[in-house]
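Remarks on the structure that follows.
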Amino acid sequence: MVFEKIKDIIDDIGIEEEITEASHLYEDLALDSTELALVSTAIAKAFGIFIESKMLKTYTVAQVMEAVALKA
Amino acid sequence: MKNKVFVTGVGMVGPCGNNAGAFWEGLLSGVNYMTPLQLEGTVGAAPPFAGQVRGMEPERVISKRLLKKCSRFSVMSILAAKDAMDDARWELGSMSRERIGIFVGNNSGGWESARNGLRVLHTEGAPFIDPNLASNWFPAAAQGHMSLAFDIKGYSKTVIADRSSGLLAIAYAARAIRSGIIDAAIVGGAETPLDPWALSFYNSEGLLNLKADSPQAAYRPFVEARNGMALAEGAAFLCLESERSLQRREASGRVRASIQGFGFTNDGQEAAPLEDSVAQCARAIRLAIGHSDTQPESIGYLSLDGAASAREDGIECSAIQEVFGDSAADKWAGCPKTSFGNTVGAAGAFDVALSVLAMNHGELPGLPYLAESVPDHNLNFVPGISSRIAVESSLILARGRGGVSSALVVNKEA
């Protein structure tokens, strides 16, 4: 469920690459700084957790899921 | 010897159609493209009619990822630029992208994005503002988004000079090509002024027609019944190229026109005396002709700014009389934007694009409302919807807030 929500958020940016839990937001999906900020804002809205975009740059999708789980 | 600059492609997205061919056909169909403008919170502060763009298909040209970043005026810019490049048969893969520039005329940027950002700021808070706002609300955003869309890397500029923006963008691009900085440019203007916030600013100039009771009465410069401008959204772009670029891609057969001289003047004062404004407007025309390989008597078509105020219309007509004297009666005058609205920062680009098409087709767009109006000018306007008239050279005039005057001469190339 959490994965699907995060995937939808990244999909909405228009990323064409396959998104898996192992995908690095920056290295694999090549999100630029604005797109990382967009993901940060969308995650804050969806899960009530604010992850700075400079942190997201180092995260995989799985690490985002972990951060959400910790908040929960 | 200075490099010649040729027009090889024309592209448009606007109220009459979403490519240059459709736009030209729409314009010459005689349809008035002003439609009711229904925006929240603008009662009494916005024109009742405007030229609106419908049916764009941006996903055919722009990736979803880039589209997400763009304001509406960037989207229109990319679509019109692609239309122009297709017309010119540009194959960017075989051209040096570092020798191609992007020049955009725009006045108000993506204010619908800015307004939405302000709404979010005041309702949800700063962290929830769309981060794309940082790079899509300002006038140079379209230039950047076009660069991303087409991977064009050459010397580029955005020009902000009210209704003269688009014309000056073309003039500055031509200068960059002449000087050898670049070999080619995609150049024009884009504007999306049909936004409540943007309209509140445009309305402060007092040039908008807020009282029109029909589309036909929305925009009628150069007649006694004038009552201000109707606005429109849209984008018009041209492909400009040097002779060297044409030779490299063996495209001399694609030439539609050549860019000649341009002139740009300022009144130097707010609300200048009428005679001073006329003198500066006339000076811009003389400069444009003086920098052209064209004699004044060769100019057959005058494309006018048409702000639809007694003062502004009078300045244009008087300046033309001052420059051309009695021979002004031998020239045809027009203001095609009266059928679809004034696109402000893109208006000069639309006027240049339509002048090129008019010369190519041997058909000049007219002022359909002249027959039912009392003219208060002494120029020779094209009557009706259009007339089959062949001209070899056109002078395009654009003016702007604070006394800006600009003029450009464009020749049909055989």
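Throughout, a chain's letter reflects where its sequence line sits, starting with A, and its residues are numbered from 1.
Counting non-hydrogen atoms of other residues, nucleotides and ligands closer than 6.0 Å to CD of Glu18(A) gives a total of 12 or fewer. Taking a 6.0 Å sphere around OH of Tyr26(A), one finds it holds 12 or fewer heavy atoms contributed by other residues, nucleotides or ligands. Heavy atoms of other residues, nucleotides or ligands lying less than 6.0 angstrom from CD of Glu91(B) number 12 at most. Counted within 6.0 Å of CZ on Arg115(B), heavy atoms from surrounding residues, nucleotides or ligands total more than 12; the atom is thus considered enclosed.
With values rounded to the nearest 0.5 angstrom, Leu31(A) atom CG is found 6.0 Å from Arg65(B) atom CZ. In this structure, the separation between CD1 on Ile15(A) and NZ on Lys64(B) is 9.5 Å, given to the nearest 0.5 Å.
Ion pairing of Asp32(A) with Lys69(B) is present here, as a side-chain N (NZ or NE/NH1/NH2) and a carboxylate O approach within less than 4.0 Å.
The most heavy-atom pairs under 4.5 Å with chain B, out of Ser40(A), Ala30(A), Ala42(A), come from Ala30(A).
Taking both residues in full, the closest heavy atoms of Lys68(B) and Leu38(A) are given as CG-CD1, 4.5 Å, listed atom of the first, atom of the second, then distance.
Contacts of Asp11(A) with chain B are made by backbone atoms alone, with heavy-atom separations under 4.5 Å and no side-chain atom involved.
Contact annotation: the side chain of Glu124(B) never approaches that of Thr41(A) to less than 4.5 Å [non-hydrogen atoms, C-beta and beyond].
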